[in-house]
Amino acid sequence: MFEHIQPLPEDPILSLMAACRADSRPDRIDLSVGVYRDARGQTPVLAAVRRAEQIHLQHQQTKAYQGMAGDPGFLAAIAGLWRDDASRGEGDRWGLMQTTGGTGALRQAAELIARCRRQARVWLGRPCWGNHPGVFQAAGLALAEYPHADPAGQRLDGDRLLATLAQVPAGDVVLLQVGCHNPTGIDLPLPIWDLIAEMALRRGFLVLLDLAYQGLADGLHADAEPVRRLAARLPELLLCVSFSKNFGLYRERTGALAWLAGTPAAVRAVQSQLFDAVRASVSMPPAHGAAVVAGILTDVGLRRLWQDELEAMRLRLRDVRAQLAGQLQAAGSPRDFSFLLSQRGMFCFLGIDAGQARYLRERHGVYVLDSGRANLAGLHAGNIERFAVALVDTLRR
Ligand code: LMR
């Protein structure tokens, strides 16, 4: 069976994470995998999460199966994160299930699309998250591309984005990231979201939203505004949600898939297809992370604590961006990095190629993806100046 099987290239993000961990230089700088780090370079368990876990462990009565939709308390609690009173009219047109992380939500969405319309193409932004293509191809779907940013990945290419989406045929699917775009940090302004909603209506394509960083761009409520706007106008929508970043629950694999359909009967039909697909893959999602999220969102004090911690993360990311732009200038950067200030979240493109990324790694112990994507959350007062000097040295070579 295994005699002729060939090894595949490693995942570029996760293999770099492992390479950095294996690097024994004490001053190495890890800007590889997208996890938040605090001002001491740690990815701590949030205080709200720790308390919710203690309460959960004290009160947990059973570990019996929960069912394919996951934790009902979690599902009831999370919908309010992206819906509000104005969304009430959509109530029975929404369906919701828990998934194995945000990637699990994307993969379930891919399975659903393949079951509804095998010939549908999934349009991904260029550039997109490195794992997006593989998730949809694994479900047998073909891909297409729309431009998201300029070739350097540093500025929005709104005109070409809209011109391309205006050509997407009915029945195709357009994936759009909501907030803290990975890998560019370039988010779409609200007027562009409105134009996309109009186009989706006119052309008849399905929008799939990937909401992986809610609360880390402009705030918890503001970050979900595109979801509310599209849901108010479109007959159908898919929404993939991750709680890895905003609750710091990375390894607990906590996510959700929401779908908006034309009628309650269609909502139920979609659910039955999704349940069939999930039963044949993981059977049910894991429970722990969802119980923690539900515990936090349904307790006034824990919710306030979590929102404060989330806001602190958001403000630190903003601050790191401003500091880095200043440090690069002070280090005599031959390039303008003011674009960092208008971007959101953890990521940006440094504008370096794979050779320069290797030089940064080997000469300076700085780990960024070969594409030049850097997770700026890895920077803090203790390493930001050294990083700026290392990057300027790299850019000058
Ligand atoms: C990233 O982009 O680095 C994160 O979303 C982690 C991952 O799974 O790729």
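Here the structure is a predicted model, which is why all the values come from computation and not from measurement. When a ligand or atom number is given, it counts from 1 through the structure's own listing order.
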Colleague: Sort out the contact shell of ligand 1: every protein residue with a heavy-atom distance below 4.0 Å, listed by chain and number.
Modeller: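 These residues qualify: Ile13, Val33, Gly34, Trp129, Asn182, Lys245, Arg373.
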Colleague: Anything under 30° is parallel, anything over 60° is perpendicular, the rest tilted; go ahead and classify Phe347 against Tyr213.
Modeller: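 Perpendicular.
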Colleague: Hey, does the side chain of Arg373 reach the backbone of Ile13 with a donor-acceptor pair shorter than 3.5 angstrom?
Modeller: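 Checked: no pair found.
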Colleague: Would you say Asp159 has more than 12 foreign heavy atoms packed within less than 6.0 Å of its CG?
Modeller: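 It does not: Asp159 CG has 12 such atoms or fewer within range.
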Colleague: Please collect all salt bridge (Lys or Arg N to Asp or Glu O under 4.0 Å) contacts where either partner lies in residues 209-228, sequence neighbours excluded, each pair once.
Modeller: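 The answer is Asp84-Arg228, Asp218-Arg344, Glu225-Arg228, Glu225-Arg229.
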Colleague: So Phe243 and Phe247, would you call those rings parallel, tilted or perpendicular, with 30° and 60° as cut-offs?
Modeller: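 Answer is perpendicular, since the angle exceeds 60°.
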Colleague: Step through the shown structure and confirm whether more than 12 heavy atoms of other residues, nucleotides or ligands are within 6.0 Å of CZ on Arg21.
Modeller: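 Not buried by this count: 12 neighbours or fewer within 6.0 Å.
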